[in-house]
Amino acid sequence: MGMMKHLMVRSRRRSLWMMHFCLGGCNGCSIEIMAALTPMYDLERFGILNTGNPKHTDVLLVGGSVNHRNRRTLKNLIDQIPAPRLIVAVGTCALTGGIFNEAYNIIGGANRVVDVDVYVPGCPPKPEAVIDGILSGLDKFEQ
Amino acid sequence: MNLAKLWVPAAAVIAAPVFGGLIAGIDRKISARLQGRYGPPILQPFYDLYKLFGKDPLAVNRWQPFFAAMYLFGAAASVAWLALGGDLLVLFFLTTFTVGFLVLGASCVPSPFSRAGAGRELLQALVYEPVLILVFAAIFQQTGRWDAAGVWRQGGVLLAQTPLLYLCLFLVLVIKLRKSPFDFSASPHAHQELVRGVLTEYSGPFLAMVELGHWYETALLLMICALFWSSVPGSAILVAATVAGLIFVDNLFPRLTWRWMMARIWLPLPGLALLNLIWLMV
Amino acid sequence: MTSMLKILLKNGTGRYATRLYPAEAREPFAKNRADLSFDPGCCRLCKTCSRKCPTGAIEVDKENRTWKRDVFSCVFCGDCIEACPKSCLSFVARPPLPQKHHQQAVVYATVPERSKK
Amino acid sequence: MTVSVIPVGPQHPVFLEPFQLKLVVEDEVVSEALPRFGYVHRGLEALVVSKDFRQMTRVAERICGICSAIHGMTYCRAIEKLLGITPPPRAQMLRLVWSELHRMHSHLLWLGLFAEAMGFESLFMQIFRIRETVMDILEQTTGNRVIISVNVIGGVRRDLDAEGADGIRRALKKVAGDLERIRPVLVDDYSVRKRTEEKGILAKERAYELGAVGPVLRASGISQDIRRTGYGAYGELDFEPVVESGGDCQARCKVRYRELFQSMDLIRSGLDRLSDGEIQTKSKEKPEGEILVRSEQPRGEVVYYIRADGSKHLQRLRIRTPTFANMAALMDLLPGLDLADVPLVTLSLDPCIACTER
């Protein structure tokens, strides 16, 4: 039994299917997430695949600040992700709303709507920082 | 038939997914290298599968898990039947049923992506099923046997007389394994208009069952390929070359459309196979 | 098709382009705008950086002599660095680390009292 | 024949950004397309009331990550005109170099996503590998990869030394070689042509009527490029807009591919003509008056309208982005398309939702 559990933790840590959802931001973060998938950084060597489908997702990368319209979409998406799941907020907008924090249509960072596990600062964070962010959240799968 | 013979299909049922998973892992690693990337570890598909079994079971309705299980069962039964040396015609019907369950599972949910994917899966079946039956007919024509065990025992390089037919079988493999020019019903990569087509609504353990079924299908089709050079080293070479060809084809083409497939592949493919069959008969 | 095949074969036979990041990190470029460093020693608590910051990430408290920056709000634009009359701020090439809690976001610094000369 | 409604978005793997296309599909042929917006709307034009005009430069840069340098430059040009100052020639030329580098990174990103929309994974990877060279020079010379933040009111904030200029030249040589290698795949490959040729044809007259801008307009055979008005340092350099006549996805792909080489030429000649001197003109004034400024973004013409009353805060800021102009063309193209071509045709217009909704 112990071995099965050990194997499960190992598999969860080695196989992370990801989806990124860009909310109201400048889109720079999703470009950097795309760049992290490509040969120079290659997220797939950690078993990270871009699925683009919430039902297959383990890691949700959220970029951009939450506004009154995409709040519902974000909640809806997260409800469709089966547990265990990891939610990573990428970029200043997803952390606090950043430079748009005072704009009339902005509620704030992603943590206003969902429980974020890892915050990756940067405007936008470099692909290396995205990798760091995902890897530092892996402890969540230990339980 | 005595019970002692049953260990062969039992071993095949256990070994086939290991084989199919390894093929998937090697495929992903080599594809990554061809794209200039480091790529995932070879065992990556097994991690994926095991993880999926550990996810929360979220089923859309109660039919979905049933159809996923039936798909898995059908694929495993086909492998067992072939390993038992069973009749190829029965195998043909078994594979058809297997695909049917996948289509049913995809169309029992209200998602438009999944339903459109199911429609495309049916169209694909329309394209490759005639070729499969022609392949079996050609095997019979050449060896005089309908049962796989007899064909294997007869030995010989079937490929020498059936190059065109093997080409058609290769295209069937490209369609069945959802490789690039024909990955419309479900693509292993994202960035498809139908998200992941027939697989869109499956999640967690049910997706794992479908994946496992897909590995069985991979193993089954490669076993049929192996019949074309029925000796152990020969079939190994043939299967390796076929897999290498699949990986290259996957990386060489963009996804085409099913309309293109129906226009350009649907009739020529069985035509080519038939040509080969006629040549065998003459 | 042949040209794509050439590209694939070239990639497949050569070394992969991937930088195996956590194991094989590249030295960041010297002029990177990745993070800010603050030298409390030279600060005069003039609040210029706080006024110029477009996101309001910097707060200066004259009474308690503290300078704090919310890393999660900072957009690393460098306006404060240009504005600082004493050049107490500078860029650091290494980016800030990912955090697990929102509370860890703020960087505090206490500005020491200086003798009046 | 079954009629179904397929909601593409707000989260869909083909589009990086959230926007929804409700497609009414009959037998996998689109009969009606209804777009829904608002997922990215931040209301940043109204931020002028809380941020002063210098801080707004940083906001303008973050309207869109893909064309950030050009947004920043356009905003700075508008304020400079209101203040009545001209940046020094060296600053103008550096702005040109960085905005053309940005155009290259945008076009390469687009080419990559275009390949991925076709399901051509390996070509996508190859193009993004080429793009990393451009990203590296941007990072090396400006300190950041995407939002380079070099524009300030009155000039630029970072100087380019001889070493940096040589680095750019070397990198461009490498990019040009790599791009030459993928040209036959993009242009001659049978299967790529099958997917792109005669898909989503926008006729010349229709493109003009619908007010399309940028590469979309140029791919339909109309030679229009705002850079030809000679703003900034563009007046010193000589170039012709890239024009194709097909009006289909293939033509749009060719236009952007050829513009990459045009940008490289502009950068090279810009670096050769780089004069010595200051990089910033300082001014203590506050902007006053009304102004309309146009620039050519990677996606087409962007228009900034600013009204200021001499105080620290601007009164009004209004931006007309290229994707907004191209949306009408998209809605014209979608009905009648095969479902499989919808992502391709939508991406061929290079929609930037972050720009459009602000």
Side-chain angles (χ1 to χ4, degrees), chain A residues 1 3-22 30 33-61 76-86 127 131 134 138 140-143, chain B residues 21 24-25 27-60 64 68 106 109 111 113-114 117 186-208 210-211:
Chain A
M1 206 57 220
M3 195 182 135
M4 297 287 277
K5 215 171 165 188
H6 176 76
L7 255 178
M8 182 56 79
V9 169
R10 200 179 150 77
S11 304
R12 277 179 181 165
R13 290 180 65 116
R14 298 293 292 266
S15 159
L16 300 149
W17 291 359
M18 80 151 209
M19 177 177 86
H20 72 93
F21 185 50
C22 176
S30 50
I33 292 167
M34 285 309 282
L37 288 167
T38 54
M40 206 57 86
Y41 303 96
D42 189 25
L43 278 179
E44 203 182 349
R45 65 205 153 93
F46 307 106
I48 300 173
L49 270 187
N50 183 13
T51 59
N53 179 0
K55 301 206 167 183
H56 300 180
T57 297
D58 304 300
V59 185
L60 176 68
L61 302 178
N76 212 341
L77 277 178
I78 289 193
D79 288 342
Q80 290 183 54
I81 302 177
R85 61 186 173 217
L86 182 70
I131 295 176
I134 297 175
L138 290 184
K140 202 189 175 189
F141 295 121
E142 306 263 295
Q143 302 123 23
Chain B
D27 177 358
R28 278 174 71 176
K29 187 80 184 178
I30 294 180
S31 288
R33 283 298 162 89
L34 290 180
Q35 294 166 359
R37 294 185 288 133
Y38 182 76
I42 303 266
L43 293 181
Q44 185 60 44
F46 296 101
Y47 292 129
D48 287 348
L49 190 81
Y50 199 61
K51 170 211 73 179
L52 283 175
F53 274 119
K55 298 236 1 162
D56 252 10
L58 287 181
V60 180
Q64 203 190 15
V109 288
S111 155
F113 295 114
S114 184
S187 166
H189 312 290
H191 275 243
Q192 196 195 8
E193 62 274 12
L194 294 184
V195 190
R196 296 205 62 194
V198 284
L199 304 179
T200 308
E201 291 298 312
Y202 287 107
S203 64
F206 314 120
L207 181 65
V210 177
E211 281 288 304

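Note: hydrogens, waters and symmetry copies are ignored here, and every other heavy atom, side chains too, is used. Proteins come first, then strands; the chains are lettered A, B, ... in the order of their sequence lines, and each starts at number 1.
- The distance from atom OG of B:Ser114 to atom NZ of A:Lys55, rounded to the nearest 0.5 Å, is 9.0 Å.
- Summarising the geometry of B:Asp56 relative to A:Pro82, their closest heavy-atom pair is O-CB, 3.7 Å, with the distance given to 0.1 Å.
- Side-chain contact check for A:Phe46 versus B:Gln44: every heavy-atom pair is 4.5 Å or farther apart.
- In this structure, the side chain of A:His56 engages the main chain of B:Leu199 through a donor-acceptor pair within 3.5 Å.
- When atom types are taken as modelled, the side chain of A:Arg12 and the backbone of B:Gly54 share a donor-acceptor pair closer than 3.5 angstrom.
- Side-chain atoms of B:Gln35 never come within 3.5 Å of backbone atoms of A:Thr38 as a donor-acceptor pair (strictly under, hydrogens ignored).
- Put simply, of B:Ala32, B:Gly204, B:Ser203, B:Pro45, the one with the most heavy-atom pairs under 4.5 Å next to chain A is B:Ser203.
- A:Arg45 contributes atom CZ, which lies 10.5 Å from atom CZ of B:Arg37 (distance to the nearest 0.5 angstrom).
- A side chain to side chain contact (heavy atoms under 4.5 Å, CB included) with A:Ser11 is found for exactly one of B:Phe46, B:Tyr47, B:Phe53, namely B:Tyr47.
- Put simply, CH2 on A:Trp17 and CG on B:Leu207 are 5.0 Å apart, with the number rounded to the nearest 0.5 Å.
- For chain B, the nearby parts of A:Leu7 are the backbone and the side chain; heavy atoms of each come within less than 4.5 Å.
- Between atom NZ of residue B:Lys51 and atom CZ of residue A:Arg14 there is a gap of 13.0 Å, rounded to the nearest 0.5 Å.
- Among A:Asn53, A:Thr57, A:Leu16, the residue making the largest number of heavy-atom pairs under 4.5 Å with chain B is A:Asn53.
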